[in-house]
Amino acid sequence: MSESVVIIGSGLAGYNVARELRKADANVPIVVVSRDHAGFYSKPMLSNALAGKKTAATLVMKSADKMSEETKMRVIANSAVTSIDTQARTVTLAGGEVLHYRDLVLALGADPIRLPLKGDA
């Protein structure tokens, strides 16, 4: 078995890379690592969901298990990456598992900028 393509991040970018890669190569092992539940949803829609008094959970279109099944890939949910060794071509997860990779994709998304505003309005 050839070494995997490891994708860190389960947002739109991560899952779209996995889908396109699967179209191009039906046999390459793919592993998606996510620090959250890894369900597929449009994270940019979160602001609209909050405005509509919906929860993030109501936006999930497909569970991590469903994404794994559809794309024939391994999805590791609720796991943080603690280190990446580019020389050894490995990714180490918080639980100690070491993933060897052929190719590595960092689809990390963005973190919000929290402004130091005071008040409740």
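Quantities reported herein were computed from a predicted structural model and do not represent experimental measurements.
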**From L93 atom CG to I8 atom CD1, the distance as rounded to the nearest 0.5 Å** = 8.0 Å
**Message:** If I compare all heavy atoms of D103 with all of R89, which pair ends up nearest, and what's the gap?
**Reply:** N-NH2, 4.3 Å
**hydrophobic_cluster_shared for V98 and L104, side chain cutoff 4.5 Å** = no
**Item:** Common cluster, L108/Y101, ILVMFWY with side-chain heavy-atom separation under 4.5 Å
**Value:** yes
**Student check: side-chain heavy atoms of V31 and V91 closer than 4.5 Å** = no
**Request:** Spell out, as yes or no, whether a donor-acceptor pair under 3.5 Å connects the side chain of T82 to the backbone of T92.
**Result:** yes
**Asked** Name the one of K72, R22, E3 that satisfies side-chain contact (heavy atoms from CB on, under 4.5 Å) with V28?
**Response** R22
**Complete:** Nearest heavy-atom contact between A18 and I30 is O-CD1, 3.8 Å
**Message:** I'd like to know whether CZ of R35 has more than 12 heavy-atom contacts from other residues, nucleotides or ligands below 6.0 angstrom.
**Reply:** no
**Asked** How long is the gap from OG on S4 to CZ on R74, to the nearest 0.5 Å?
**Response** 8.5 Å
**Request:** Kindly give the heavy-atom pair with the smallest separation between I7 and A107, and that separation in Å.
**Result:** CG2-CB, 4.4 Å
**Prompt:** Considering the options V6, V32, L99, which one meets the side-chain contact (heavy atoms from CB on, under 4.5 Å) requirement together with I76?
**Reply:** L99
**Prompt:** Are the side chains of L106 and I84 in touch, meaning some heavy atoms are under 4.5 Å apart?
**Reply:** yes
